[in-house]
Amino acid sequence: VDANNGWAAGYYGTIITTSNGGGTWIYQPNDTTNHLRSVSATDSGHAWAVGDYGVILRYPPGPLTQNIAVTINAPLNVSAGSDFTAALLNNLFIILVPGTATLLGALAFAFFIDQQLHGSRLFRVAFFFPNILPLAATAALWILVLSATDIGAVNHLLRAMGFAPVQFMSSANLLWSLVPILVWGGVGFFMILFLAAMSSIPSTLYEAAKIDGAGLWHQFRHITLPLLRDTIAMCLIFTIIGGLKFFDLIWIFEKQYPTQDSHVVATLIYSMAFNQYRSGYGTAMSIVQFILILAVTLVSLKLFRKERLEY
């Protein structure tokens, strides 16, 4: 072994050398973030290291001529559980904040467009337009809007007004920056669903309500909302499932390396399974995610299962 260098395992099973000194020992940082491991051996004639997928490497190669004691130093990782909890809370944020705003906005827009206001057809097309854009195009568009550089429209306006630019796309602020993006992208889809359900409500109900002196709010509250119960339940289930399996925009905005502030369950699963080669953790979290989605769906259907309204 070269006594002037330390040796460690690189990617794809390679053994690399560093200028850390070493003699007969092998060094690889016990970094629980990247889950690296080190190995040491009593063999003074070879370099030893842990390669990908837990393979123990020996350099130069060759048959063992003696019994060698090998020690693998694998640090106990306690961060996976806390990482999953933080990711799940981020999923909950996506469901509650942009999800709720999207459903309320879609319901309000659908009700007013259903009143056959002037230009309602144009509004239908305008609100549904974001749904036909690829997610990569949506991400690129909002990067132009929220970027902290000179190309960011919002920060350009803030600078013109004398304010400091805001790091909208940073990991700490990303979830809040996703709120307008998700609302803008989701309102049109749910609005179409609500409009389709509203079109099946007999107009005679609204005419009778107008004769009785009911305004728009009372018509909406006492006629539209009760008769949209099944559609609202379906939209809630779509929102919850979409929030629990959310992945694309965070992965794109974080350039494939989310932090604990921005990780959601799906990005954490991918990072564990394919970036850190911890397929066991990734598989376990996938099963938990599936159970959560199934449980939430069943509970939602149970809560909204009532006697069907006839009209």
Side-chain angles (χ1 to χ4, degrees), residues 88-133 138 175-246 249 292-311:
L88 190 58
L89 290 175
N90 289 339
N91 281 101
L92 186 62
F93 174 89
I94 290 174
I95 293 171
L96 292 179
V97 180
T100 302
T102 300
L103 291 180
L104 292 177
L107 191 57
F109 287 129
F111 180 73
F112 284 110
I113 290 177
D114 191 56
Q115 304 303 310
Q116 301 300 323
L117 300 177
H118 180 69
S120 59
R121 291 186 178 180
L122 176 62
F123 284 117
R124 291 189 190 202
V125 175
F127 284 124
F128 191 75
F129 175 73
N131 291 273
I132 66 176
L133 290 178
T138 299
L175 289 182
W176 283 105
S177 299
L178 285 174
V179 174
I181 301 174
L182 295 177
V183 172
W184 175 78
V187 161
F189 173 75
F190 292 112
M191 184 190 70
I192 295 299
L193 295 181
F194 288 135
L195 278 172
M198 289 177 184
S199 65
S200 65
I201 299 176
S203 59
T204 53
L205 297 177
Y206 293 108
E207 293 171 359
K210 291 178 182 178
I211 293 174
D212 291 336
L216 282 180
W217 166 246
H218 286 91
Q219 295 176 39
F220 177 76
R221 179 183 175 186
H222 297 290
I223 299 176
T224 306
L225 271 183
L227 298 180
L228 289 180
R229 186 183 62 205
D230 292 340
T231 305
I232 292 174
M234 179 181 62
C235 291
L236 279 174
I237 293 172
F238 284 163
T239 301
I240 294 171
I241 293 176
L244 286 175
K245 67 183 187 69
F246 187 73
L249 290 178
L292 284 174
I293 293 175
L294 179 62
V296 169
T297 302
L298 294 177
V299 170
S300 300
L301 291 174
K302 181 69 175 179
L303 291 176
F304 284 92
R305 184 179 297 168
K306 295 181 180 179
E307 184 180 352
R308 179 173 293 275
L309 297 174
E310 298 291 342
Y311 52 88

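Computed from heavy atoms alone, side chains included, the values below leave out hydrogens, waters and symmetry copies. All values derive from a computational prediction rather than experimental measurement.
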Over all atoms of both residues, closest heavy-atom pair of C235 and L193: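 The answer is SG-CD1, 3.8 Å.
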message: If I compare all heavy atoms of P130 with all of F127, which pair ends up nearest, and what's the gap?
response: CD-O, 3.3 Å
So, taking the atom named [atom1] in [X] and the one named [atom2] in [Y], what distance separates them when rounded to the nearest 0.5 Å?
{"X": "T224", "Y": "W217", "atom1": "OG1", "atom2": "CH2", "value": "10.5 Å"}
{"X": "L182", "Y": "W184", "atom1": "CG", "atom2": "CH2", "value": "11.0 Å"}
{"X": "L301", "Y": "I237", "atom1": "CG", "atom2": "CD1", "value": "4.0 Å"}
{"X": "I94", "Y": "L89", "atom1": "CD1", "atom2": "CG", "value": "11.5 Å"}
{"X": "I95", "Y": "L244", "atom1": "CD1", "atom2": "CG", "value": "4.0 Å"}

Would you call [X] and [Y] a side-chain contact if the rule is heavy atoms closer than 4.5 Å?
{"X": "L205", "Y": "L227", "value": "yes"}
{"X": "M191", "Y": "F128", "value": "no"}
{"X": "L292", "Y": "N91", "value": "no"}
{"X": "L175", "Y": "L178", "value": "yes"}

Among all residues two or more places apart in sequence or in another chain, which pass the side chain to side chain contact (heavy atoms under 4.5 Å, CB included) test with [X]?
{"X": "L225", "answer": "L107, F220, I232"}
{"X": "I211", "answer": "none"}
{"X": "A208", "answer": "none"}
{"X": "A214", "answer": "A209, H218, Q219"}

- prompt: Can you list every pair that meets ring-ring contact (aromatic ring centres under 6.0 Å, His included) and has a residue in residues 189-211, with sequence neighbours left out?
  reply: none
statement: Those residues at least two apart in sequence (or on a different chain) that pass ring-ring contact (aromatic ring centres under 6.0 Å, His included) with F246 are none
- request: Check the pair L195, D114 against side-chain contact (heavy atoms from CB on, under 4.5 Å), reporting the backbone distance first and the verdict last.
  value: CA-CA 7 Å; L195 278 172; D114 191 56; 4.0 Å; yes
Using residues 96-104 as the side-chain source, report each donor-acceptor pair under 3.5 Å to any protein atom, sequence neighbours left out, with the distance given to one decimal.
from: T100; atom 1: OG1; to: L96; atom 2: O; distance (Å): 2.4
from: T102; atom 1: OG1; to: P98; atom 2: O; distance (Å): 2.6

